[in-house]
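Have a look at the structure below before the remarks.
In the text below, chain A, chain B and the rest are named by the order of the sequence lines, each starting its count at 1.
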Amino acid sequence: QKEVEQDPGPLSVPEGAIVSLNCTYSNSAFQYFMWYRQYSRKGPELLMYTYSSGNKEDGRFTAQVDKSSKYISLFIRDSQPSDSATYLCAMSVSGGSNYKLTFGKGTLLTVNP
Amino acid sequence: DVKVTQSSRYLVKRTGEKVFLECVQDMDHENMFWYRQDPGLGLRLIYFSYDVKMKEKGDIPEGYSVSREKKERFSLILESASTNQTSMYLCASTLVGGGQFFGPGTRLTVL
C-alpha cells in the first residue's frame with residue numbers, strides 16, 4: 001500500500017462548480033497536511049497548511065483533515081478557469097528541523113468556462 | 001512574499017557533463033530541499049539540508065551530490081549527467097514547522 005494515494009484524474013468541471021479533491025494515507029503518524037497547486041511547467045505553490053484534524057478555510061478554498069479515517073480533502077467553491085492546474089496533497093510526520101514531506105502524485109483539474 | 005529562485009528555467013547538457021543547479025531563497029529558511037518531478041512518478045526527494053554544511057540523502061540520491069556553503073544557497077550537482085536524469089528539478093525551502101515553498105523549477109534535458 002502506498003503511503004499517500006491520490007486519484008490522478010483528470011477531473012473536468014464547469015465554471016462555478018464545487019470541486020472536491022481527496023487523498024488517503026496509511027501512516028497514522030502524519031500530523032501536518034498541505035495542499036499545493038501546480039500550473040503547467042511551474043513550481044508547486046502552497047495553498048493550504050493544516051496541523052492535525054479539523055477544517056481550515058481561505059477564501060474559496062477549504063481544507064479538511066479526518067485523521068480517524070486517514071483522509072484529507074480540498075474543496076474549491078465557485079471554481080474558475082484560473083483554478084485549472086494539478087493539485088498535490090502532501091503530509092509530514094514532524095514539523096521539526098529536518099522534516100520531510102510525502103506527496104501524492106497529484107490530480108489534474110480543468111475548469112471549463 | 002517568500003522567494004525561491006533557481007539559476008535556470010531550461011538547461012540542455014550532454015551525457016557525461018558535470019551539471020550545477022543552483023537555488024537561492026531570501027527568507028532565512030533553515031531547511032532546503034531538492035526534488036525531481038517526472039510524469040507518473042510524482043515528486044521525489046533527492047537531498048535535503050537543515051543547516052549550513054549539513055545534508056541528508058533523500059529517496060533517490062544516486063548520481064547526485066549537494067552543497068550548502070551559505071544558508072540562502074543550496075546547489076545540486078550531477079557529477080556525470082546521464083539521459084535518465086532528464087527531468088524537472090525543483091528546489092524548496094521552509095522554516096521549522098512550516099510548509100515548503102518551491103522555486104519555478106529547472107527543466108533539464110540530457111542528450
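- Only the side chain of B:Tyr10 has a heavy atom closer than 4.5 Å to any heavy atom of chain A.
- Residue A:Lys100 holds its NZ atom at 12.0 Å from OH of B:Tyr50, rounded to the nearest 0.5 Å.
- Residues of residues 60-85 of chain B placed with any heavy atom under 4.5 Å of a heavy atom in chain A are absent; none qualify.
- Taken together through direct or relayed side-chain contacts under 4.5 Å among Ile, Leu, Val, Met, Phe, Trp and Tyr, A:Tyr32 and B:Met32 form parts of separate hydrophobic clusters.
- By the 4.5 Å heavy-atom criterion applied to side chains, A:Phe103 and B:Gln37 are not counted as neighbours.
- Closest of all the heavy-atom pairs between B:Gln100 and A:Leu46 is O-CB, 4.1 Å.
- Note that CG of B:Leu90 and CD of A:Gln38 are 6.5 Å apart. Values are rounded to the nearest 0.5 Å.
- Options B:Gly58, B:Gly40, B:Gly42 differ in how many heavy-atom pairs under 4.5 Å they form with chain A, and the most are formed by B:Gly40.
- With a threshold of 4.5 angstrom between heavy atoms, B:Arg44 does not approach chain A through any atom at all.
- Here the CZ atom belonging to B:Phe102 is positioned 16.0 Å from the NZ atom belonging to A:Lys42, to the nearest 0.5 angstrom.
- Chosen from B:Cys91, B:Gly105, B:Pro104, B:Gly103, the residue pairing most often with chain A at heavy-atom distances under 4.5 Å is B:Pro104.
- When the side chains of ILVMFWY residues are joined at heavy-atom separations under 4.5 Å, either directly or via intervening members, A:Leu88 and B:Val4 end up in a single hydrophobic cluster.
- The hydrophobic cluster containing B:Tyr47 does not contain B:Met88, counting ILVMFWY residues as joined when their side-chain heavy atoms lie under 4.5 angstrom apart, directly or transitively.
- In the hydrophobic clustering of ILVMFWY residues, with side-chain heavy atoms under 4.5 Å counting as a link, A:Phe75 and A:Leu11 come out apart.
- The part of A:Tyr36 that comes within reach of chain B is its side chain, from C-beta onward, which places non-hydrogen atoms under 4.5 angstrom from that chain.
- In the hydrophobic clustering of ILVMFWY residues, with side-chain heavy atoms under 4.5 Å counting as a link, A:Phe61 and A:Phe33 come out together.
- Between A:Leu101 and B:Phe48, the closest side-chain pair of non-hydrogen atoms is not below 4.5 Å.
- Counting heavy-atom pairs under 4.5 Å between each of B:Asp51, B:Asp59, B:Leu45, B:Leu43 and chain A puts B:Leu43 at the top.
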